[in-house]
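Because only heavy atoms are used, hydrogens play no part in the values below, and waters and symmetry mates are left out as well, while side chains stay in. In what follows, every chain begins at residue 1, and chains take the letters A, B, ... in the order their sequences are listed.
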Amino acid sequence: MTDQSHRGAVTAKNWIVLLAMIVVASVIGIIFMLALNWFPEQGSDVAPPIDTFWDVLVIVSVPIFVAVVAMMLFSIWRWRQRPGEEDLDGPPIHGSTKLEVIWTIVPTIVIAALTTYAAILLIDIQAAPAKGTRVVNVNGGQFAWDFETQAPSGPVKSERLYLPINEPVKFNVRSKDVIHDFWVPAFRLKVDAVPGITTTYNLTPTKLGTFDVVCAELCGLGHAYMRQTVTVMTAERYAAKMAGLAKAAGTPVAAAGGGVGK
Amino acid sequence: MAAKIRQPGWYRALAYSILGVLFCLGLSTGLRAAFAVDPVYDGESVLQISLLTVPLFFLGGIGCFDYWLRWASGRTVVDDHADHGAKSWRDYFKVNTDHKVIGIQYICTSFFFMFIGGLMAMLVRAELAAPGRQFVDPNTYNGIFSVHATLLIFLFVIPVFAGIANYVLPLMIGAPDMAFPRLNALSFWMLPVAGVMMLLSFLAPGGSFAAGWTAYAPLSVDAPIGQAFFTIAVQFAGASSIATALNFLVTIITMRAPGMTFFRMPLLVWANFSTSLLVVIATPFIAASQFMVILDRALGFNFFNPAGGGDVLMYQHVFWFYSHPAVYIMMLPGFGIISEVLATRSRKPVFGYRMMAFSLLAIVLLGFTVWAHHMFVSGMSDWIRIPMMITTAIIAIPTGIKIFSWIATLWRGVLKMDTPMLFAIGFIAMFTLGGISGVMLAMVPLDIHVSDTYFIVAHIHYVLFGGSLFTIYAGIYFWFPKMTGRMFNERLGKLHFWLTFIFFNVTFAPMHLIGVQGMPRRVSDYADQFATWNLIISVASFVVGLSTLIFLYNMIISWRTGPKAGSNPWNSLTIEWQVSSPPPIFNFDAIPSVVGGPYEYGVPGAVHAVFDDAKPEPVAVAAGASADASPEETD
């Protein structure tokens with residue numbers, strides 16, 4: 001008979017070492033995950049709370065994964081079959097009601113907390129815009145977007161999206177053919193452009209600069225190339241740009257063909 | 001020759017198929033002429049009717065309907081078991097009613113499609129190795145990833161589980177075969193039909209179907225004729241799936257050996273019971289969604305055309321009402337495999353057996369309440385988001401119970417770290433990651449950002465590759481000695497595991513990052529900022545591809561020349577290991593009686609089943625059926 005002292009009960013000392021390793025590995029894991037540069041730049045008012053929510057999810061998730069892997073590695077290290085144990089069986093443990101209750105209730109609490117957080121954040125993001133918010137009509141087609149808005153000089157239609165900084169905007173998203181998806185990664189929000197209905201979301205751009213507009217729903221052979229840009233500018237430059245675009249388009253009436261939301 | 005064409009088999013299948021094409025040609029042109037449609041001959045019309053009809057001619061020719069048609073037409077039927085069991089390799093290419101033959105037919109066919117689907121993944125990664133266009137044009141690219149996903153879902157993961165269960169499950173419950181052996185044969189033969197149809201789509205004018213495996217309308221309605229190959233092939237794969245699930249349900253409910261109560265069933269049986277419930281209830285929905293697409297395409301029904309009063313979002317609701325449960329159809333059988341492997345290789349009972357069974361049923365129930373989490377950014381009503389987020393997150397609880405119970409099963413066991421065990425433990429780690437990213441995706445505010453990005457691609461591959469495929473490998477290695485009577489090469493098995501495990505992670509882990517950073521999925525080209533990661537991913541994915549060749553080599557060589565395995569190489573308690581490897585033609589020479597639980601490892605003198613060599617007495621057991629399958633009772 002070979003030495004079987006390793007098959008004895010797990011001592012308190014073992015537990016302390018195991019838990020300490022889980023804690024250390026979790027901390028290292030969390031630091032690593034938070035140090036990674038996950039998101040694109042924060043271009044809208046909803047980006048910071050969504051990015052913070054991601055951090056919370058990471059902080060909750062890493063220890064769960066670390067614990068699962070650590071318990072398995074510990075089991076393998078401690079109890080793997082050694083020479084001479086070929087005919088040995090483990091102890092006939094069939095279960096433990098106490099443990100099963102614990103690992104049903106604890107995840108339930110974690111899930112309840114996370115969904116509550118997510119629901120509150122979502123209600124915030126979904127909140128209807130104030131009356132009089134600037135409306136931009138986003139029209140998807142194979143394989144380009146066009147954007148329509150109401151400038152003081154009349155309706156303006158453009159291939160690039162221009163937005164004034166720090167001013168709420170509501171997007172009315174429509175499609176001319178198949179489903180597309182209007183996504184600005186820097187803004188964090190997206191919605192499908194669905195033939196037959198108008199979908200919407202609203203946000204406030206908070207950063208000057210030019211960001212990618214990406215089609216996120218497979219729309220055919222040009223899908224990969226359906227990438228445009230949005231430029232967020234100061235209110236003065238925005239007004240000048242709109243006036244310039246309206247002039248270039250000639251008669252405002254002709255440009256209003258798409259039916260601009262009032 | 002004439003005699004050969006009269007006999008069921010490949011010659012007759014070919015002859016009938018040609019007849020079928022002529023029939024469809026006649027039907028199409030005849031009807032068009034009768035209603036004065038111009039032109040009278042329309043290739044696409046003939047093709048679409050043929051896709052629906054010729055498979056039935058083929059199935060008739062190969063011999064799936066012979067017995068039923070003879071019986072229905074009042075002719076004598078011979079129950080001599082002539083088409084039961086395989087005497088040579090040729091019998092695997094014929095209609096056969098033996099569940100063991102059908103199981104191997106299923107497994108080999110689905111692995112054939114796995115290699116083709118995997119090859120397409122290699123093409124996808126080759127194209128994505130650098131930004132810009134490398135090898136294929138965007139239309140071909142969209143076709144390749146669509147066929148990749150469709151093959152691996154409908155022709156690999158779903159049927160390979162049905163194949164493993166086909167082989168193992170009747171043995172496990174002490175039954176001589178499945179409840180409906182001829183239906184079982186038909187189920188199998190519909191699979192190659194569906195798979196070949198999907199591959200043939202590459203020959204269609206306009207290329208293969210290219211709207212993704214989700215085939216969202218209206219893109220799929222407007223697509224070239226290649227799309228019809230998907231729409232119709234899915235009908236055959238789905239019908240196969242439904243028929244097999246019915247077969248499993250009836251087999252499990254009525255054909256358990258005496259003494260095999262529900263709570264003495266191995267968890268693999270529980271898992272397939274749960275899966276079959278999902279399949280029977282959910283699969284008709286994908287059939288419906290694809291029928292609506294084909295009616296829109298071929299006959300202008302306007303289901304999904306808003307200009308004609310149609311509703312685009314309805315497609316997604318109907319589609320996901322199947323396709324979310326389908327995720328569990330692709331996962332629950334794997335849960336069953338893992339429970340068998342862990343208990344046997346840790347020499348311990350499965351921890352919390354009853355909760356393991358109940359959590360499967362809980363997942364079945366909850367699986368039907370979450371479909372719209374695939375549609376958080378689809379433009380559906382905002383209010384649906386929060387309820388669907390809650391139900392989705394709740395599924396983590398029964399899933400967590402399973403993961404924790406598996407770890408508790410390992411705890412204090414005598415762990416034999418061989419290939420099936422490595423894949424089982426690797427599965428738990430990878431599936432935990434996939435589960436965690438799943439909970440993150442349930443959280444709507446984050447999901448809005450990462451929907452339709454590489455984060456989704458990463459999640460789905462952690463669940464279906466690190467999850468399902470690892471359980472499939474574990475199961476194939478675990479039951480290989482039973483199916484072939486020979487042992488596989490353990491060193492090659494371990495090499496296969498480590499290469500797959502390491503390079504799987506190098507391939508798919510970075511996809512989380514580039515997804516959150518903003519790379520959309522299903523694109524043949526991408527912004528330059530993602531170039532470095534994509535190159536690393538592509539190189540790693542090729543190593544994953546190569547590692548499957550080690551697996552293939554191991555299986556072929558070991559099947560031919562591996563050392564003899566004996567009936568019970570793992571020293572397992574469940575019934576399939578108590579008969580010879582491979583088992584006798586009708587499974588049991590004596591009827592097993594079940595006297596205890598399936599996992600009583602460590603209990604001195606415990607047995608799960610005993611074989612009574614005396615003539616079996618009819619034993620009255622609740623829901624236990626007669627194990628005597630006289631031929632007139634089958635079918």
Side-chain angles (χ1 to χ4, degrees), chain A residues 36 38-40 50 53-54 57 61 64-65 68-69 71-72 75-76 79-81 85 88-95 99-100 103-104 107-108 111 114-115 118-119 121-122 125-126 178-179 181 185 188-192 194-197 199 212 214 216-225, chain B residues 138-139 142 212 216 218-219 306 312-313 346-349 351-352 355 377-379 382 385-386 389-390 393-394 396-397 400-401 403-404 407 410-417 425 428-429 432-433 436 440 443-446 448-449 451-452 513 516-518 520 522-525 600-603:
Chain A
L36 281 178
W38 286 93
F39 284 90
I50 289 176
F53 181 48
W54 164 265
L57 288 173
S61 303
I64 296 173
F65 178 68
V68 164
V69 173
M71 300 292 268
M72 290 197 294
S75 303
I76 295 169
W79 294 301
R80 70 181 298 161
Q81 189 193 83
E85 295 183 339
L88 193 67
D89 279 355
I93 303 165
H94 286 87
L99 267 179
E100 286 170 40
W103 67 46
T104 309
T108 308
I111 290 294
L114 289 178
T115 42
L121 181 51
L122 180 66
I125 293 170
Q126 279 179 187
V178 299
I179 304 173
D181 189 292
R188 304 290 186 273
L189 297 187
K190 66 161 73 79
V191 75
D192 281 4
V194 183
I197 60 172
T199 56
D212 292 329
V214 179
E217 181 65 53
L218 177 64
C219 58
L221 56 95
H223 169 58
Y225 305 99
Chain B
N139 194 41
N142 290 355
Y216 276 10
L219 186 60
V312 172
L313 284 184
S346 324
R347 315 304 305 162
K348 267 187 71 205
F351 194 92
M355 277 306 275
V377 300
S378 69
D382 280 348
R385 289 169 158 182
I386 288 177
M389 166 171 78
I390 294 170
I394 288 174
I397 296 163
I401 290 173
I403 289 173
F404 300 134
I407 296 172
L410 292 174
W411 200 254
R412 296 187 63 193
V414 183
L415 313 182
K416 175 75 178 142
M417 297 305 299
I425 290 176
I428 297 174
T432 304
L433 261 181
I436 287 172
M440 288 178 163
M443 302 294 148
V444 187
L446 182 69
I448 294 174
H449 177 65
S451 281
D452 289 311
L513 181 63
V516 178
Q517 282 175 346
R522 295 174 164 175
V523 288
S524 55
D525 184 25
E600 298 300 311
Y601 299 104
V603 180

At a heavy-atom separation under 4.5 Å, does A/Val214 approach chain B through its side chain, its backbone, both, or neither?
side chain

Contacting region of B/Asn142 [heavy-atom separation from chain A under 4.5 Å]:
side chain

Answer yes or no: is there a donor N or O on one side and an acceptor on the other, between the side chain of A/Asp181 and the main chain of A/Asp192, under 3.5 Å?
yes

Quick one: do the A/Gln126 and B/Arg385 side chains pair a donor with an acceptor below 3.5 Å?
yes

Which atom names give the shortest non-hydrogen contact between A/Thr108 and B/Ile397, and what distance separates them?
OG1-CD1, 3.4 Å

Contacting region of A/Leu218 [heavy-atom separation from chain B under 4.5 Å]
both

Distance, nearest 0.5 Å, that separates CG of A/Leu114 from OG of A/Ser61
7.5 Å

Quick check for you: among A/Arg188, A/Glu217, A/Lys190, which has the greatest number of heavy-atom pairs under 4.5 Å with chain B?
A/Lys190

Of all heavy-atom pairs linking A/Pro40 and A/Pro185, the shortest is CG-O, 3.7 Å

Is it the side chain or the backbone of A/Ile125 that comes within 4.5 Å of chain B heavy atoms, both, or neither?
side chain

What part of B/Ala396 gets within 4.5 angstrom of chain A, counting heavy atoms only: side chain, backbone, both, or neither?
side chain

Ring-plane angle category for A/Phe39 and A/Trp54, please: parallel below 30°, perpendicular beyond 60°, tilted otherwise.
perpendicular

Among A/Val194, A/Val178, A/Leu99, which residue has the highest count of heavy-atom pairs closer than 4.5 Å to chain B?
A/Val178

Per-residue tally against chain A (heavy atom, under 4.5 Å) across B/Pro349, B/Gly379, B/Gly212, B/Pro138 peaks at B/Pro349

Could you have a look at A/Leu189, A/Leu121, A/Val69, A/Ile76 and say which one has the most heavy-atom pairs with chain B under 4.5 angstrom?
A/Ile76

Tell me which of these, B/Met355, B/Arg347, B/Met417, B/His449, has more heavy-atom pairs under 4.5 Å with chain A than the rest.
B/His449

Looking at B/Thr432, B/Ile390, B/Ile394, which has the largest count of heavy-atom pairs under 4.5 Å with chain A?
B/Thr432

Region of B/Ile403 in contact with chain A, defined by heavy-atom distances below 4.5 Å
side chain

Choice from B/Pro520, B/Ala393, B/Pro445, B/Gly518 maximising heavy atom contacts with chain A below 4.5 Å
B/Pro445

Top residue by heavy-atom pair count (under 4.5 Å) with chain B, among A/Pro107, A/Gly196, A/Ser75?
A/Ser75

If you count heavy-atom pairs under 4.5 Å between each of A/Ile50, A/Ile197, A/Leu122, A/Ile64 and chain B, which one has the most?
A/Leu122

Using modelled atom types only, decide if a donor and an acceptor are shared between the side chain of A/His223 and the backbone of B/Val523 within a distance under 3.5 Å.
no

Nearest heavy-atom contact between A/Thr115 and B/Met443 is CG2-CE, 3.8 Å

For B/Asp525 and A/Ala224, work out which heavy atoms get closest and say how close.
N-CB, 3.7 Å

Under 4.5 Å heavy-atom distance to chain B, tell me which part of A/Thr199 shows up: side chain, backbone, both or neither.
side chain

Shorter than 4.5 Å, heavy atoms on both sides: which option in A/Leu36, A/Val68, A/Asp212 has the most such pairs with chain B?
A/Val68

Side chain / backbone / both / neither for B/Ile436 at chain A, heavy atoms under 4.5 Å:
side chain

Counting only non-hydrogen atoms closer than 4.5 Å, does A/Val191 touch chain B with its backbone (N, CA, C, O), its side chain (CB onward), both, or neither?
both

Would you mind telling me which of B/Glu600, B/Arg412, B/Gln517, B/Lys416 has the largest number of heavy-atom pairs within less than 4.5 Å of chain A?
B/Arg412

So which heavy atom on A/Gly90 is nearest to which on B/Lys348, and how close?
CA-CG, 3.9 Å

dist A/Tyr225:OH -> B/Ser524:OG (nearest 0.5 Å) comes out at 4.0 Å

Is the gap between the ring centers of A/Phe53 and A/Trp38 under 6.0 Å?
no

Given side chains that start at C-beta, do those of A/Gln81 and B/Leu415 come closer than 4.5 Å, heavy atoms only?
no

Please classify the contact of B/Phe404 with chain A as side chain, backbone, both or neither, using a heavy-atom distance under 4.5 Å.
both

